[in-house]
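Chain letters run A, B, ... following the sequence lines, proteins first and then strands; every chain starts at 1.
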Number of protein chains: 2
Amino acid sequence: MSVVHYAFAGGDTGSWTVVHQMTVVGEPLAAVTRLSMDAAPAGSGPSVRWVLRGFTSNVRYAERSELSALRSRQQGLGRANARCAALIPIRKNAAWWALAQDERRAIFEEQSRHTAIGLRYLPAIARQLHHCRDLGEPFDFLTWFEFAAADRPAFDDLVAALRDTAEWRYVERETELRLERHD
Amino acid sequence: MSVVHYAFAGGDTGSWTVVHQMTVVGEPLAAVTRLSMDAAPAGSGPSVRWVLRGFTSNVRYAERSELSALRSRQQGLGRANARCAALIPIRKNAAWWALAQDERRAIFEEQSRHTAIGLRYLPAIARQLHHCRDLGEPFDFLTWFEFAAADRPAFDDLVAALRDTAEWRYVERETELRLERHD
């Protein structure tokens, strides 16, 4: 996975319409009506309320068997029928980041089945992880999901399953934006 | 480990004098006579030939037992008698970054004993890893070492041992700068 930087700009312009914005835990993110996602740097301007920056990178937890399973089942972003999306920015607490690699891996997968849960919803729910903690951003990760309108209930199940895990006890800030595309 | 950004600026100013600069593999880095290391952003200016940026971050491979061993033995940077230093920028190839986490871990530690080798030289050879691949920098890692003049032979042994590992077969660009401080 090559490193590509993106910027998610919330405001009143952008090709994605915010249909719902919800604070799950921690400090809220200012409410916006539209969102754009572009290769960084993002355009700023009076119509932009906030910009969240992140980058795609190499996998940090997935083992070979998991990576092969993911790659054999996942489809790309931008599918014609995937007119629904979600952006879920999260920040984990200091206790998470102080853990060793084997401790984080055990919570992430052996206890929480993070990859296994995501796999159940492939290829319907496409997903792209963006890292941002190392940029000094207010969140650690921005996860972007795309799916067809008919798969909204599956997406609801997916996020509910993840939030019910041991891993999520380390999440200290989380916001969810549900989006639709009409272009 | 909290995220802190640093900039290493090579040129003809800075508190570290370059006593030797060597290209190990790949494209050379322009020769400089002095180096400064500062919290980013670095000062630029006519005396600066290049700036390499990186950040400290959470551990990516070390397991709990290794992390505990490292922490019980390591000393900080800036020790009064540690007037020698080295900066080793490296870039790994695309094959490395395409590996899954368990594959990289197996090469890094079970095959190459990366952490075990470093431990042998603690506390004499202090070490700080800076990540930079995710910033789109020309290198993936900048490793900074500090040691007393009497420990130069130990440092030579350490880098020779690392370069003789399976992990190092993935290194496609590497430069070594040996430095001394006289302030």
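The 12-atom threshold is not exceeded at CZ of Arg169(B), counting heavy atoms of other residues, nucleotides or ligands nearer than 6.0 Å.
Of the listed residues Glu66(A), Arg105(A), His131(A), Arg64(A), the one with more heavy-atom pairs under 4.5 angstrom with chain B than any other is Arg64(A). Listed options Val4(B), Leu99(B), Leu67(B), Asp134(B) were ranked by heavy-atom pairs under 4.5 angstrom with chain A; first place goes to Asp134(B).
No side-chain donor-acceptor contact under 3.5 Å links Thr143(A) to the backbone of Leu129(A).
Contacts between Tyr61(A) and chain B at a heavy-atom distance below 4.5 Å involve the backbone alone (N, CA, C, O). When heavy atoms are compared at a cutoff of 4.5 Å, Glu63(A) approaches chain B by way of both its backbone and its side chain.
Side-chain contact check for Trp97(A) and Asp140(A): at least one donor-acceptor pair (N or O, by modelled atom type) lies under 3.5 Å.
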Stepwise side-chain contact (heavy atoms from CB on, under 4.5 Å) check, Glu174(B) with Arg163(B): CA-CA 10 Å; Glu174(B) 179 175 10; Arg163(B) 286 179 185 141; 2.9 Å; yes

